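Small disclaimer: the values here were computed from a predicted structure and weren't measured.
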Amino acid sequence: MKIVKISFVAAALFALAPLASQAQHAHGGGAADKHIAPGETHAHASPHGGMVRSAKPYHMELVQQPTELRIYLLGDKMAAVPNKTLTGSVMVQTTDNKTTTVPLTAGGTDYVVAKLPAGAKARTAIVSLKNGSEALNVRFDKLDTAAKASKSVSAAYECPMKCEGSASDKPGSCPKCGMALVKKA
């Protein structure tokens with residue numbers, strides 16, 4: 001009888017293998033994501049210019065505005081889910097290390113809004129969202145550094161119909177109406 005010794009390192013790697021495979025997720029047809037973003041094992045194009053995170057079986061996009069946070073629940077093909085059944089709140093940590101919980105209210109037809117306290121700048125946001133009976137929780141970190149980075153890059157292209165969230169630094173099509181983006185004057 002032959003005895004095989006397995007090193008501690010090899011045993012640890014085998015034990016952690018199932019955890020590593022859970023880091024990615026698949027979309028329609030079982031295809032794994034092929035793109036990467038900071039703070040996450042994968043990323044998606046952000047249809048509205050914000051940060052996108054997984055909220056299985058959905059994705060959630062947070063778009064910072066000067067006085068509010070807009071939250072889009074993204075379904076199939078990264079299309080925003082209508083906000084008719086969306087409720088919830090956002091726990092916000094500000095850059096001055098204060099924490100507050102802000103209720104989400106309807107905004108437009110496809111997003112919900114968290115109004116920030118006067119003069120507050122968000123650093124971290126933990127979104128607790130309900131879509132009917134589904135409870136979804138997502139954490140967005142480093143919002144203060146993301147806001148600085150987005151201000152330093154100005155969008156060179158926009159939708160000719162001036163659709164919200166259509167500005168881009170490269171040519172393409174508007175996520176709202178599908179028209180080709182045009183160079184800003």
Side-chain angles (χ1 to χ4, degrees), residues 23-88 90 104-116 121-122 124-125 127 129-132 134 136-185:
Q24 292 184 348
H25 71 274
H27 291 280
D33 293 320
K34 297 177 183 168
H35 31 276
I36 308 245
E40 205 170 48
T41 56
H42 72 280
H44 297 275
S46 59
H48 306 96
M51 298 173 74
V52 177
R53 296 288 182 257
S54 291
K56 290 184 181 181
Y58 303 97
H59 287 83
M60 202 177 293
E61 180 179 12
L62 182 141
V63 179
Q64 290 188 86
Q65 301 292 323
T67 61
E68 67 187 25
L69 301 175
R70 292 183 181 180
I71 311 297
Y72 294 85
L73 185 61
L74 305 172
D76 289 340
K77 299 181 183 176
M78 299 302 281
V81 173
N83 64 9
K84 294 175 188 171
T85 60
L86 302 180
T87 59
V90 179
L104 290 169
T105 57
T109 58
D110 60 356
Y111 63 93
V112 288
V113 175
K115 296 283 184 189
L116 294 172
K121 301 215 183 306
T124 301
V127 180
L129 187 67
K130 284 193 116 185
N131 181 23
E134 293 178 293
L136 308 163
N137 296 298
V138 176
R139 180 183 179 111
F140 294 89
D141 290 309
K142 300 180 182 178
L143 297 175
D144 50 340
T145 56
K148 290 175 190 173
S150 67
K151 287 179 186 173
S152 65
V153 177
S154 63
Y157 295 88
E158 65 184 350
C159 176
M161 300 301 293
K162 307 289 186 209
C163 292
E164 180 181 357
S166 66
S168 175
D169 60 342
K170 54 188 167 210
S173 60
C174 175
K176 291 278 189 181
C177 69
M179 292 184 71
L181 299 178
V182 295
K183 199 163 187 93
K184 283 186 176 182

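With L181 as the partner, the side-chain contact (heavy atoms from CB on, under 4.5 Å) test is satisfied by one option alone out of C174, C163, S173: C174.
Interatomic distance, NZ of K115 versus CG of L104, reported as 12.0 Å (0.5 Å rounding). With rounding to the nearest 0.5 angstrom, the OG atom of S54 is 10.5 Å from the CG atom of L74. Atom CD of Q65 and atom CG of L116 lie 10.0 Å apart (nearest 0.5 Å). Separation of atoms CD1 (I71) and CG (L62) is listed at 4.0 Å; rounding is to 0.5 Å. We find the NZ-CE distance between K142 and M51 to be 9.0 Å, quoted to the nearest 0.5 Å. Between atom NZ of residue K130 and atom OG1 of residue T85 there is a gap of 11.0 Å, rounded to the nearest 0.5 Å.
Taking the side chain as every heavy atom from C-beta outward, N131 and Y58 approach each other to under 4.5 Å.
Between Q64 and A122, the shortest heavy-atom distance links the atoms OE1-O, 4.2 Å. Closest heavy-atom contact between R139 and R53: O-CG, 4.0 Å. Residues G49 and E61 approach most closely at N-OE2, 3.2 Å, considering heavy atoms. Between H59 and V52, the closest heavy-atom pair is CB-CG1, 4.0 Å. Shortest non-hydrogen contact noted between V90 and A125 is CG1-CB, 3.8 Å. Pairing each heavy atom of G75 with each of V81, the nearest pair is N-CG2, 3.9 Å.
A salt bridge links K176 with D110: at least one charged nitrogen is closer than 4.0 Å to a carboxylate oxygen.
Panel note: side chain N83, backbone Y111; a donor-acceptor pair is recorded below 3.5 Å.
By the 30° and 60° cut-offs, the orientation of the rings of Y72 relative to H48 is parallel.
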